[in-house]
Amino acid sequence: MKVTVCIGSSCHIKGSRQIVETFQRLIKEKGLGDKVELGGAFCMGDCVNAVNVKIDGVKHSLKPEDAVAFFNEKINI
Ligand code: FES
């Protein structure tokens, strides 16, 4: 599974770094390093939303405070 977090300036201001750190921690804690490829990407052209995160090419929008719930729902499967 490929997870890409937008680290463009608009998403950065909305907390993309915090989301990346949360995902990194959870991937490590849950031993998912072999299954989840976490990366960053520049602006995904959708800055009006919250932080944009793509999972296998499908774009989602989330706030940093929802990162754990998002991870458990969409990534830790
Ligand atoms: S900076 Fe993330 S969509 Fe533009």
Hey, mind stepping through Arg25 and Val68 against side-chain contact (heavy atoms from CB on, under 4.5 Å) and telling me if it holds? CA-CA 10 Å; Arg25 175 173 58 82; Val68 173; 4.2 Å; yes

Answer with yes or no whether the hydrophobic clustering places Val53 together with Ile13; edges join I, L, V, M, F, W, Y residues whose side-chain heavy atoms lie under 4.5 Å apart. no

Nearest 0.5 Å, what's the OG1-CZ distance between Thr22 and Arg17? 11.5 Å

Smallest heavy-atom separation, Lys59 atom then Lys54 atom, equals CA-CG, 3.9 Å

From Lys74 atom NZ to Met1 atom CE, the distance as rounded to the nearest 0.5 Å: 10.0 Å

Provide the closest heavy-atom pair for Ser61 versus Asn49 in the form atom of the first, atom of the second, distance. OG-CB, 3.3 Å

What distance do Phe42 atom CZ and Cys11 atom SG have between them, rounded to the nearest 0.5 Å? 12.0 Å

Would a hydrophobic clustering, with Ile, Leu, Val, Met, Phe, Trp and Tyr connected at side-chain separations under 4.5 Å, put Val5 with Met44? no

How close do Cys6 and Val51 get, counting heavy atoms only, and between which atoms? O-CG1, 4.2 Å

If you count heavy atoms of other groups shown closer than 6.0 angstrom to CD of Glu37, is the number above 12? no

Compare every heavy atom of Lys14 with every heavy atom of Pro64, then report the nearest pair and how far apart it is. CG-O, 3.2 Å

Using the side-chain contact (heavy atoms from CB on, under 4.5 Å) rule, take Ile75 and Val36 through it: C-alpha gap first, then chi angles, then the decisive distance, then the call. CA-CA 8 Å; Ile75 300 173; Val36 180; 3.8 Å; yes

Shortest non-hydrogen contact from Ile55 to Val3? CG1-CG2, 4.5 Å

To the nearest 0.5 Å, what is the distance between CD on Glu73 and CG on Leu62? 10.5 Å

State, to 0.1 Å, how close Ala67 and Ile19 come at their nearest heavy-atom pair, and which atoms those are. CB-CG1, 4.2 Å

Does some side-chain heavy atom of Leu32 sit less than 4.5 Å from a side-chain heavy atom of Phe71? yes

Is Asn52 close to His60 at the side-chain level, that is, under 4.5 Å between some pair of heavy atoms? no

Do Ile7 and Leu38 land in one hydrophobic cluster if side-chain heavy atoms of ILVMFWY residues count as linked below 4.5 Å? no

